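The model shown is predicted, which means the values in this text are computed figures rather than measured ones. Residue numbers begin at 1 in each chain, while the letters A, B, ... track the order of the sequences. Both backbone and side-chain heavy atoms feed into the values below; hydrogens, waters and symmetry mates do not.
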Protein chains: 2
Amino acid sequence: MKKHKDLIAVLKSNEMRITPARRLLLQFILDNSSKQLSLKDVHDFMEENMPGVDRSSIYRNLEAFKKLDIIQELMLPKLGKRFQYVFDRKVHHFFICKACGKLNKGNKALFEKVESALKDVHGFSKANLSVVFYGYCSSCGKKTAQKEATRSAHGALSEAQQSMR
Amino acid sequence: MKKHKDLIAVLKSNEMRITPARRLLLQFILDNSSKQLSLKDVHDFMEENMPGVDRSSIYRNLEAFKKLDIIQELMLPKLGKRFQYVFDRKVHHFFICKACGKLNKGNKALFEKVESALKDVHGFSKANLSVVFYGYCSSCGKKTAQKEATRSAHGALSEAQQSMR
DNA sequence: ACTGCTGTTGCATCATGGTGCAATAAGTGT
DNA sequence: ACACTTATTGCACCATGATGCAACAGCAGT
C-alpha cells in the first residue's frame, strides 16, 4: 500500500503543484481505498474539513489523479461516476446488477476463472485492467425469473433473463 | 433478428400501450442495432420525424425497453449513457479505452477465453450478461508507455500502465 | 362509436457531469 | 523575503440524467 508522501512525489514528478486541497484529497482517497466514492462523497468530506473548495476543483483533481493511475474511474448504471483508489492489484472485478444497480464483488468462482483467462492472454497479466459484469444479482434474478415466466406464457422473449446462481 | 412486430408483441404482453412514438422509437433502434445510441441521437431523430416528443418521454421509453431486455444500457467513460439493441447473442463484450474513451470490440482472443470461463461457471452460459473491460487501447497504450518511462526515471509508480498488445 | 380506467406524455424542476475564463497562489530563482 | 511564471482555483454557465405531477390518450368493454 502506497503512502501519502509517495503520492505527493508522484504529483511532483508530473509538474503538479501541491495545494492544501490536494493533500487532503489524497488522504481521503487513501483512507477510503476500498470504497467507490462519488463526487458528492468527496465534496461532502472536503466541505466539512476544508470548506470553500469548489465542486469543479475536486472534480478536476480527481480527473488528474485518474490520469496518473492513482485512482480509477467507473461508470455505474444508476449510480453514475465513481472513483476508487487503485491499490496494488492490477485487475479489478465488479459485478453490477442490472435491476437494482447494486455493486457487488461476489461470484468469486467466476472472477477466478476470468482472472486466469486474463493471465493466459499475452500482455494482460500485468495490465491495469478493470472488468465489469452486468447481470442480475440473486435477489433480483428471482423476481425477474417470475416475471419471465409470465412473459413466456405470452410467447415472447422466453429465452431472456436468467438468474445468476 | 427480431422484427418490429415481435417487439410490439413484447410491449403488449407487458401491459404497455403502443403509442406512435414507441413504434417509431422501436424502428429506429432496430435500424441502428449495431450502434451505441445516445439519448441525443435518438432525440434528434425523433425531432426530425415526429417533432414535439419530449426528451423525458424518450428517456423513459428507453428505460422501459431496457427492463424488457430489448436494449441494453452502457455507461461509457467520457461519453456517458449509451443504448444498444440486444440481439441474439446473450453475452456482450466491450473494451473501453481509459485514455481516449473509445469503444472497441476487438481482442477476440481474450473474449473467447472469458466466454468459455463464463460457460464453465454454472448458470452463466445462458445469462444475459455484459462484460466491460477498461484498459488502454493500442494507440493510447503506446503514448502512455512513453510517458511512463519518464515517470519511472523519477522513481514513481513504475509498475503501472501497461499497453494491451 | 362512446366511455372509463389507467398507462403515458409534456412540463417544470432538480441533481450531476463538464468547461471557459479571470483571479489567485505554488514553486522557482534571486 | 520578494518577484515572476504559470498551474490551479472559484465562479458562472451549459449539457445530460432523472423524477413528480396534472393533462392526455390507448384500449377494453359496452
Between [N] and [X], is there an OP1 or OP2 to side-chain N/O distance shorter than 4.0 Å?
X	N	value
A/Tyr59	C/dG17	no
A/Arg22	D/dT8	yes
A/Lys40	C/dG17	no
B/Lys12	D/dG26	no
A/Ser56	D/dC11	no
A/Asn61	D/dT9	yes
A/Thr19	D/dT9	yes

query = Taking for each residue the nucleotide of DNA chain C bearing the nearest heavy atom, is the 5' side occupied by B/Ala21 or by A/Leu39?
reply =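 Of the two residues, B/Ala21 wins.
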inquiry  = Quick test of your reading of the model: are B/Glu63 and B/Lys81 salt-bridged, counting only N-O distances below 4.0 Å?
reply    =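 Salt bridge: yes.
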task = Give the nucleotide from the list D/dA18, D/dT19, C/dG20 with an atom nearest to the side chain of A/Arg60.
result =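 Of the candidates, C/dG20 comes closest.
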request  = With the side chain of A/Lys81 defined as its heavy atoms from C-beta on, choose the nearest nucleotide among C/dG10, C/dG17, C/dA26.
outcome  = C/dG17
In whole angstroms, how far is the [atom2] atom of [N] from the [atom1] atom of [X]?
X	N	atom1	atom2	result
B/Ile58	D/dT19	CD1	P	17 Å
B/Lys67	D/dA18	NZ	C1'	12 Å
A/Met50	D/dT8	CE	P	16 Å
B/Asp54	C/dT13	CG	P	14 Å
A/Arg17	C/dT28	CZ	P	9 Å
A/Leu11	C/dA26	CG	P	15 Å
A/Met16	D/dT8	CE	P	5 Å
B/Arg55	C/dT13	CZ	P	15 Å

inquiry  = Could you tell me if A/Asp54 and A/Ser57 have a donor-acceptor pair between their side chains, going purely by distance under 3.5 Å?
reply    =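 The answer is no; no qualifying pair exists.
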task = Answer yes if the side chains of B/Thr19 and B/Arg23 hold a donor-acceptor pair under 3.5 Å, and no otherwise.
result = no
key: 5' priority, DNA chain D, between B/Arg23 and B/Arg82 [closest heavy atom]   = B/Arg82
query = Of the non-hydrogen atoms in A/Arg22 and A/Leu11, which two are nearest, and what is the gap between them?
reply =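 Heavy atoms only, the tightest pair is CD-CD1, 4.1 Å.
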inquiry  = Please check: side-chain N/O of A/Asn14 versus main-chain N/O of A/Met16, any donor-acceptor pairing under 3.5 Å?
reply    =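 Between the backbone of A/Met16 and the side chain of A/Asn14 there is no qualifying donor-acceptor contact (under 3.5 Å).
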